[in-house]
Amino acid sequence: MSDSALWNDVDDYLSGLLAPEDEALTAALRDAEAAGLPPISVSAGAGKLLRLLAETQGARNILEIGTLAGYSTIWMARALPADGRLVTLEYEERHAEIARRNLARAGLDGVVEVRVGPALESLPKLADEGHEPFDLVFVDADKGNNPRYVEWALRLTRPGSLIVVDNVVRGGRVADAGSDAPDVRGTREALELIAGHPRLSATALQTVGTKGHDGFALARVVS
């Protein structure tokens with residue numbers, strides 16, 4: 001058995017046991033595939049981790065940068081209280097429409113707001129609105145802009161908030177200091193920003209599974 005086949009088998013076992021999907025989640029993935037969206041939604045295990053982080057935080061306000069079809073959005077929004085709110089930012093109007101349908105089917109359209117447009121234009125608008133600080137920020141958009149997304153996450157959070165940056169391993173390419181690839185450079189810059197920032201305490205973990213060799217960074221705002 002190849003390494004990737006073994007990783008997939010283990011992921012299937014763990015997610016089936018600890019992060020089983022219901023119809024709303026499987027339908028979100030099915031609709032994304034039918035619409036030709038890239039197969040880059042988080043795994044079920046990662047979705048459950050995001051939900052657990054939000055629940056542990058007692059999160060009332062969540063920000064997601066990068067919606068796609070709303071799969072990860074559903075996982076996180078389910079951790080919110082009835083008066084909670086999740087704002088998710090999506091660049092593509094077509095993706096946003098699919099996400100809105102998926103969220104409505106999951107019964108979450110009342111707590112989730114999908115905003116369309118470049119995130120670096122939407123984020124300043126959130127700040128200008130004086131939005132209540134976010135308890136959890138999930139960054140999962142274009143990797144070249146990761147440093148800017150982390151900077152905005154810091155502006156829109158409070159001490160005690162969590163910031164999760166997905167896909168930081170890039171199949172191992174993140175270790176290549178000489179890479180000119182925008183996704184690697186943006187990810188390395190974001191990790192270096194997190195590592196050196198006095199307001200953040202952080203770690204990063206590499207993972208293997210249905211998403212291949214990847215990982216995520218987790219940072220806590222400490223001041």
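Considering only heavy atoms from C-beta on, Thr67 stays 4.5 Å or farther from His95 through its side chain. Between Met76 and Arg51, the closest side-chain pair of non-hydrogen atoms is not below 4.5 Å.
If you take CD1 on Ile65 and CG on Asp142, they are separated by 9.5 Å, rounding to the nearest 0.5 Å. With rounding to the nearest 0.5 angstrom, the CD atom of Glu55 is 9.5 Å from the CG atom of Leu80. Taking OG of Ser41 as the start and CG of Leu25 as the end, the distance is 10.5 Å to the nearest 0.5 Å. Rounded to the nearest 0.5 Å, atoms CZ (Phe134) and CG (Leu86) are 8.0 Å apart. How far CG of Leu50 is from CG of Leu136: 7.0 Å, rounded to the nearest 0.5 Å. Distance check, rounded to the nearest 0.5 Å: CD of Glu90 to OG1 of Thr73 gives 9.0 Å.
Of all heavy-atom pairs spanning Val42 and Ser72, the tightest one is CG2-CB, 3.9 Å. Shown here for Gly70 and Leu103, the closest heavy-atom pair between the two residues is O-CD2, 4.5 Å. For the residue pair Ala202 and Ile194, the shortest heavy atom distance occurs at CB-CG2, 3.3 Å. Heavy atoms only, all atoms of each residue included: Leu108 and Ala77 are closest at CD1-CB, 3.9 Å. In plain terms, the two heavy atoms of Trp152 and Ala127 that are nearest each other are CZ3-CB, 3.7 Å. Taking both residues in full, the closest heavy atoms of His213 and Trp7 are given as N-CZ3, 4.4 Å, listed atom of the first, atom of the second, then distance.
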Decide side chain to side chain contact (heavy atoms under 4.5 Å, CB included) for Val169 and Phe216; before the verdict, give the C-alpha distance in whole Å, the side-chain angles of both, and the deciding distance to 0.1 Å.
CA-CA 7 Å; Val169 172; Phe216 64 93; over 6 Å; no

Check the pair Leu120 / Tyr149 against side chain to side chain contact (heavy atoms under 4.5 Å, CB included), numbers first and verdict last.
CA-CA 8 Å; Leu120 291 177; Tyr149 296 147; 3.7 Å; yes

Between Arg148 and Glu151, does a salt bridge (charged side-chain N to carboxylate O under 4.0 Å, His left out) hold up when you go through it step by step?
CA-CA 5 Å; Arg148 267 63 67 189; Glu151 289 168 350; 5.6 Å; no

May I have the step-by-step check of side chain to side chain contact (heavy atoms under 4.5 Å, CB included) for Arg115 and Val87, ending in yes or no?
CA-CA 7 Å; Arg115 298 194 180 193; Val87 177; 4.0 Å; yes

I would like to know whether Asp135 and Arg60 meet side chain to side chain contact (heavy atoms under 4.5 Å, CB included); could you show each step before the answer?
CA-CA 7 Å; Asp135 306 299; Arg60 302 180 66 84; 3.9 Å; yes

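Between the side chain of Ser161 and the backbone N or O of Arg158, at least one donor-acceptor pair lies under 3.5 Å. With hydrogens and angles disregarded, no donor-acceptor distance shorter than 3.5 Å links the side chain of Ser179 to the backbone of Asp176. A donor-acceptor contact shorter than 3.5 Å is absent between the side chain of Glu92 and the backbone of Arg94. A distance-only check finds no donor-acceptor pair linking the side chain of Asp140 to the backbone of Gly66 [under 3.5 Å]. Between the side chain of Ser2 and the backbone N or O of Ala5, at least one donor-acceptor pair lies under 3.5 Å. Formation of a donor-acceptor pair under 3.5 Å by the Arg199 side chain with backbone atoms of Ser223 is found in this model. Counting only distance, with no hydrogens or angles, the side chain of Ser15 and the backbone of Gly45 share no donor-acceptor pair below 3.5 Å.
When each of Val139, Ile163, Leu126 is paired with Leu63, the side chain to side chain contact (heavy atoms under 4.5 Å, CB included) condition holds for Leu126 and for no other. Each of Leu14, Asp214, Thr210 was checked for a side chain to side chain contact (heavy atoms under 4.5 Å, CB included) with Ser43, and the lone residue meeting it is Thr210.
Look at Glu113 and Arg85 and you find a salt bridge, because one of the NZ, NE, NH1 or NH2 atoms lies within 4.0 Å of a carboxylate O, short of that distance. The residues Glu33 and Arg30 are annotated as not salt-bridged, no charged nitrogen and carboxylate oxygen being separated by less than 4.0 angstrom. A salt bridge links Asp31 to Arg105: at least one charged side-chain nitrogen sits closer than 4.0 Å to a carboxylate oxygen. Salt bridge Asp109/Arg100: absent, no basic N to carboxylate O contact under 4.0 Å. The existence of a salt bridge linking Glu21 and Lys48 is excluded, since no basic side-chain nitrogen approaches an acidic carboxylate oxygen closer than 4.0 Å. Ion pair Asp22/Arg78 flagged as a salt bridge, since at least one NZ, NE, NH1 or NH2 atom sits closer than 4.0 Å to an Asp/Glu carboxylate oxygen. Using a cut-off of 4.0 Å between Lys/Arg side-chain N and Asp/Glu carboxylate O, Lys143 and Glu189 are scored as not salt-bridged. In this structure, Arg173 pairs ionically with Asp183, as a charged nitrogen and a carboxylate oxygen lie closer than 4.0 Å.
Surrounding CZ of Arg155 are at most 12 heavy atoms belonging to other residues, nucleotides or ligands under 6.0 Å away.
Both Leu205 and Val164 are part of a single hydrophobic cluster, where members link through side-chain heavy atoms under 4.5 Å apart. A single hydrophobic cluster is seen to contain both Leu154 and Leu191, as judged by linkage of ILVMFWY side chains at heavy-atom distances under 4.5 Å, directly or through other members. No continuous path of ILVMFWY side-chain contacts below 4.5 Å connects Leu37 to Tyr71, so the two sit in separate hydrophobic clusters. Note on Val221 and Leu162: separate hydrophobic clusters, where clusters join Ile, Leu, Val, Met, Phe, Trp and Tyr whose side-chain heavy atoms are under 4.5 Å apart, directly or indirectly. In this structure, Val114 is a member of the same hydrophobic cluster as Ile74, with clusters built from ILVMFWY side-chain heavy atoms closer than 4.5 Å.
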